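Some notes on the structure that comes next.
No experiment lies behind these values; they were computed from the predicted model shown. All ligand and atom numbering here is 1-based and tracks the order in the structure.
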Amino acid sequence: MLELPFNPPIQHINLPAFNNNSVTVYMKRDDMLHPFVSGNKWRKLFYVLDDAQQKNSTHLVSFGGAFSNHLVALACAGAMHGFKTAAFVRGEEVNNHMLNLCKLYGMHLIFVSREAYKNKQELYHEFAQQHVNTYFIDEGGKGELAAKGCTHILNDADGFTHAICAVGTGTTLAGLAQGAQTKNIITEGICVLKGAEEMDKEIAELAGFKIKVHHNFSCGGYAKTNTELLDFINHFAQHTGILLDQVYTAKMMLALSKLIAENYYPKNSKILAIHTGGLLGMLSIV
Ligand SMILES: *Cc1c(COP(=O)(O)O)cnc(C)c1O
């Protein structure tokens, strides 16, 4: 059985922007799980790698864009647990710090056109014919086993009224909410994509029940930024010593500050925000 490398702490976040209505904000520092294996990507891989081990698979194959936190996580976690890793990367061949890390951890990168990338099963089957004991891992590591890994995020979180996290595919949110069920913690997500309301149904299917997702805090869409968001990242770093990434966690915390300001949360709420990591991605904006 695999183990988490480290159980990240829960910290009180004392920021003027959160001081309203006697609400208190805490952060689960999953960004500290590992310096490169982004918080929630590690959690999502936990049972997937375990399943691969049990099936005697030796070669993990996955998919992602050129700035995929998931691929870096897979490359590193694969190396730690004795797997070979390969990834189909969307678009023409490029180089950046994230792909360099993937290569450093021994991941075999195969660049494919956007057109070819659409058919992941076909790419995988071709690969599986030429290699032995391969194991398919979907883009972003999404899926049921991935959600299961995220049910443990709240293991040591007691006494909270709310938990929130950023939503890309919603797998993390689904697992988080499942883990919150027995603890009476209300779980909500902040979607970082624009116009993705349809996703709510998929998340409900994965979790087994409906979960509230806020869709008005994407700052213009996936990986888009604006001055307000970048200013918030600076403000947050300077007042807490904690870095946020511009794609996921900064949008979540900015949304949280706005929701608190408009008294969305009842008086005396105790909110736990999940820092899902992703900090490698921020090196491209500073
Ligand atoms: C991938 C990622 C997410 C989104 O997780 P999903 O399970 O796809 O919703 C959130 N935060 C960070 C830092 C990520 O890298």
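A donor-acceptor pair is defined here as one N or O able to donate and one able to accept, closer than 3.5 Å; no such pair exists between the side chain of H162 and the backbone of T187. Between the side chain of S269 and the backbone N or O of Y265, no donor-acceptor pair lies under 3.5 Å. Side-chain N or O atoms of D138 include none that pairs as donor or acceptor with a backbone N or O of G141 at under 3.5 Å.
Checking only distances, K44 does come within under 3.5 Å of ligand 1, N or O to N or O. For a threshold of 3.5 Å applied to N or O pairs, the pair formed by G168 and ligand 1 contains at least one separation below that value. Between V167 and ligand 1, no N or O atom pair is found at a separation short of 3.5 Å. Taking distance alone, with nitrogen or oxygen atoms compared against 3.5 Å, Y248 stays at or beyond that limit from ligand 1.
The T169 neighbourhood of ligand 1 comprises atoms 6 (P), 7 (O), 8 (O), 9 (O), with distances under 4.0 Å to a heavy atom of that residue. Shown in contact with K41 at under 4.0 Å from a heavy atom are these atoms of ligand 1, numbered in order with element: 1 (C), 2 (C), 3 (C), 14 (C), 15 (O). Atoms of ligand 1 lying under 4.0 Å from any heavy atom of T171, numbered from 1 in the order shown and given with element: 7 (O), 9 (O). Interface of G278 with ligand 1, defined as ligand atoms under 4.0 Å from a residue heavy atom, comprises 13 (C). Below 4.0 Å from some heavy atom of T172 lie the following atoms of ligand 1, by number and element: 5 (O), 6 (P), 7 (O).
Classified by interplanar angle (parallel below 30°, tilted 30° to 60°, perpendicular above 60°), the ring pair F127/H131 is parallel. Classified by interplanar angle (parallel below 30°, tilted 30° to 60°, perpendicular above 60°), the ring pair H12/Y26 is tilted.
More than 12 heavy-atom neighbours from other residues, nucleotides or ligands sit within 6.0 angstrom of NZ on K120. Other residues, nucleotides and ligands contribute over 12 non-hydrogen atoms within 6.0 Å of the NZ atom of K183.
Between atom 5 (O) of ligand 1 and the options N40, L280, L176, the minimum heavy-atom separation is to N40.
G168 and V192 make their closest contact through CA-CG2, 4.5 Å (heavy atoms, listed as atom of the first residue, atom of the second, distance).
Looking only at heavy atoms of the protein, atom 11 (N) of ligand 1 is closest to T276 OG1, 2.7 Å.
Look at K28 and D156 and you find a salt bridge, because one of the NZ, NE, NH1 or NH2 atoms lies within 4.0 Å of a carboxylate O, short of that distance.
Between G140 and ligand 1 there is no heavy-atom distance shorter than 4.0 Å. Under a 4.0 angstrom heavy-atom cut-off, H70 registers as lying outside contact with ligand 1.
Neither the backbone nor the side chain of K142 comes within contact range of ligand 1; no heavy atom lies under 4.0 Å.
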